[in-house]
Amino acid sequence: MAMLATTQVMAQQSVGEDIPQKVDSVMSRMTLEEKIGQLNQLTGDGEVTGPVTLNNSYQDQIRQGMVGSMLNVNGAEYTRKIQKIAVEESRLGIPLIFGYDVIHGYKTIFPVPLGESASWDLEAIEKASRIAAREATAAGQHWTFAPMMDISRDARWGRVMEGAGEDPFYGSMVARARIRGFQGEDFSKDHTMLACAKHFVGYGAARGGRDYNTVDMSMRRLHETFLPPFKAAIDEGVATFMSSFNELNGVPVTGSRELVRGLLKDQWGFDGFIVSDWGSIQEMMPHGVAADKYEAGELAMNAGIDMDMEGHVYIQELKNLLEDGRISEEQIDDAVRRILTKKFELGLFDDPYRYCNVEREERVILSKEHRAFARKAAAKSMVLLKNDKVLPLSKNLDDIALIGPLVQADQEYIGTWSARGESKHVVNVMEGFRNKLGEGVNLHYAKGASFTGGDKEGFEKALEAASNADAIVAVVGESAMMSGEALSRMDIGLPGVQKELVLELARLNKPLVVVLMNGRPLAIPEVDQAAPAILEAWLPGTEGGNAIADVVFGDYNPSGKLTASFPHAVGQVPVQYEHKNTGRPKVESQRYTSKYIDGPNKPLYPFGYGLSYTSFEYSQPVLNSQQMNFNETLRVQVDVENTGERAGEEVVQMYVRDLVGSVTRPVKELKGFKKISLEPGEKKTVIFELRADDLAFYTRDMEYKAEPGEFKVFTGSSSEDVQSARFKLLAQ
Ligand code: GLC
């Protein structure tokens, strides 16, 4: 009990002091070993999320003041048990901070983040993160390793499922919404938690889309595409960062003084703390920039990495490095100060057990309200890719065939990074359809095919089930373990023989709906040709089956829009809407232009694309002026009319093109969007504003500014379905 008094004494003595003084007061009592202990994060035995180095002696290390944070320790009761060791059995009783990967839900699981981003509903995205935080903090978590904000244009990369797609403008807005959701207005509230901007930086540009692989890019590309979401995270007040595994232009980011201490901390003024990704400090040895842990620790500490996640480098080497003058005490103190500051802001010194409330955990987790919102969020994430008058299905059909390996594969619905989500809580498509239609309909199920292999033995039963049905719903795609960390694919088609199964079903010439469940863009040109209706449902989370039923039977009119291009073929990758024109833009009839001889340049489905059960008509964009100068605002106005028979939502998008620059400029860049609802026949005027700042880029001299000249502005329903107008930015 004596130690508890120490912590409370520290908290009470410091009553009235502001946090920096409180931190100073605690640090004045700490030995060097205890300071280094604060920089050491170990994994618990809750689960394994990296190369296993599990050492069950972590409880002793906590007692000895050698641990500042734990990850993968879950539950109000268990975190209380571990926290008690730190608070009551270590010399100074400094509380631990518990971190966990709450990526798209804690117990109530939401659609994978790439899917969720397709809703273009920032409020819904924020609310989903708030619910995740409410559940995670009820289970003892103080800190989530989210949002992941890596931009990627490579569907082979397994972690494309964790981000918000290919565009830095939209990815920045989603990152901010997720940070708001997790952190709320006040960390010290027991239902908010620290967020983490990860993986800093460039991780999504791995060569070949192969996870952890080499990253090489120009500084211009880094600053224009991959850094913006991280800068936005700082502007939103994100509490922590995580450094990425990858090297960037020859230097592992975890050892990059230029990017971490130079850009992130000094230039951007980031005042939180940065944790290495799992073992990424010691991985500078296989990277080949450190001969041993000693050198790896030196690189990381000099780079500005504050906390060592499950690397056992700092705890073993920092004292030697300090004694050898290879690092400074100021660097260690700065890291300790950053970490202790967050612990005070969380209120952990006032009450180390405020997040360990079993009653709250039982009351809050997987509540009805949370499930209801997860169902709504899943429906909002879905993207209607094709619909030749098949959807929505009637609720009065007698016989529906449900075919495919994902119809009732509960575990796949929650994807990877599913935290404490459990398959037993999942509503699958079979159950969702039953819930929607009741007992009056006959649901004929056949798995048809597996996720892998060439076995077509299941086809016969599938075709038999389909032949007696009024409509066929094929639920196909990827298993959860086909996207996520260390889960890259070199072929991004439908796995196994699912494509062949769909083509066989299409030959029956019955109303066929293909429901895709996947964690990445898929190349499905044959399915697109053969199936009259295709709904992208992603890995939709705990309520996925109910949400799919809501959309398929028309209780929710799909409004999602893709945030990552779906390639025609893996050979197009990397592919994105924001591409350059080149010196020989494609002309179909001319050989010597930039094109493939065996396929199109354009993706199968472009960024920003998604259909509705109604239809929308756009006017030409109208500008309030054909020119603007550097201190004016240009207004872009477009009318959108619902020309169909039912209410619907539409994501109105605005893009810009800088026609001539000191460097080549993309043919389009997203600069605004608005999601609007329209009743049948209703028309709304949507207004966007553009300023010179919106036109800024890294010029030939790497200055970030707009250049005067001719521009095009585009408005429309996707990056390809647009109408344009021109304007001029006048010289200053
Ligand atoms: C993993 C991931 C990272 C995660 C961390 C802790 O390797 O790269 O995103 O937050 O380790 O699980």
Side-chain angles (χ1 to χ4, degrees), residues 40-54 58 67-74 97-106 112-114 129 132-133 136 141-152 157-164 175 178-179 182 193-206 210-213 215 229-230 233 238-248 252-254 272-284 286-287 305-313 415-421 481 483-488 519:
N40 185 32
Q41 182 185 58
L42 299 179
T43 187
D45 28 25
E47 54 222 83
V48 176
T49 56
V52 179
T53 54
L54 206 55
Y58 68 82
V67 184
S69 172
M70 292 295 295
L71 74 147
N72 297 332
V73 172
N74 273 293
I97 183 170
F98 289 108
Y100 191 53
D101 292 283
V102 186
I103 309 298
H104 54 108
Y106 179 78
V112 291
L114 181 65
S129 295
Q141 298 306 329
H142 308 132
W143 175 25
T144 177
F145 305 126
M148 184 273 215
M149 51 191 75
D150 300 304
I151 298 296
S152 180
W157 190 48
R159 302 195 79 164
V160 69
M161 58 73 84
E162 278 181 69
R178 287 177 172 154
I179 290 164
F182 287 124
M193 63 197 314
L194 307 187
C196 181
K198 78 181 188 183
H199 306 80
F200 185 75
V201 63
Y203 186 26
R210 199 174 80 228
D211 207 359
Y212 316 127
N213 201 8
V215 174
F230 292 97
V238 74
T240 69
F241 265 65
M242 181 184 292
S243 66
S244 56
F245 292 117
N246 57 284
E247 69 164 85
L248 182 63
V253 176
T254 298
F273 68 84
I274 180 165
V275 64
S276 69
D277 200 342
W278 185 297
S280 62
I281 294 179
Q282 65 169 303
E283 286 172 12
M284 286 194 276
H287 267 300
I305 302 295
D306 300 305
M307 186 182 282
D308 173 10
M309 177 191 284
E310 192 50 36
H312 309 280
V313 174
T416 55
W417 292 123
S418 50
R420 309 304 289 171
M481 290 304 284
S483 65
E485 183 173 0
L487 299 170
S488 295

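Residue numbers run from 1 in the order of the sequence given. Just so you know, ligand 1 is whichever comes first in the structure, and atom 1 is the first atom listed for that ligand.
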Pocket residues of ligand 1, ordered first by chain and then by residue number (heavy-atom cut-off under 4.0 Å): Thr49, Leu71, Asp101, Phe145, Arg159, Lys198, His199, Met242, Phe245, Asp277, Trp278, Met309, Trp417, Glu485
Test log, rule side-chain hydrogen bond (donor to acceptor under 3.5 Å, both in side chains), inputs Tyr106 and Asn74: CA-CA 11 Å; Tyr106 179 78; Asn74 273 293; 3.0 Å; yes
Under the ring pair (Phe, Tyr, Trp, His ring centres under 6.0 Å) test, residues paired with His199 that sit two or more places apart: Tyr203
Pairwise side-chain contact, Val160 with Ser483, heavy-atom cut-off 4.5 Å (strictly under): no
Heavy-atom pair of closest approach, residues Phe98 and His142: N-ND1, 2.9 Å
Closest approach of Ala419 to Asp101 (non-hydrogen atoms, all atoms of both residues): CB-O, 3.9 Å
Pair Phe273 + Trp143: ring centers closer than 6.0 Å: yes
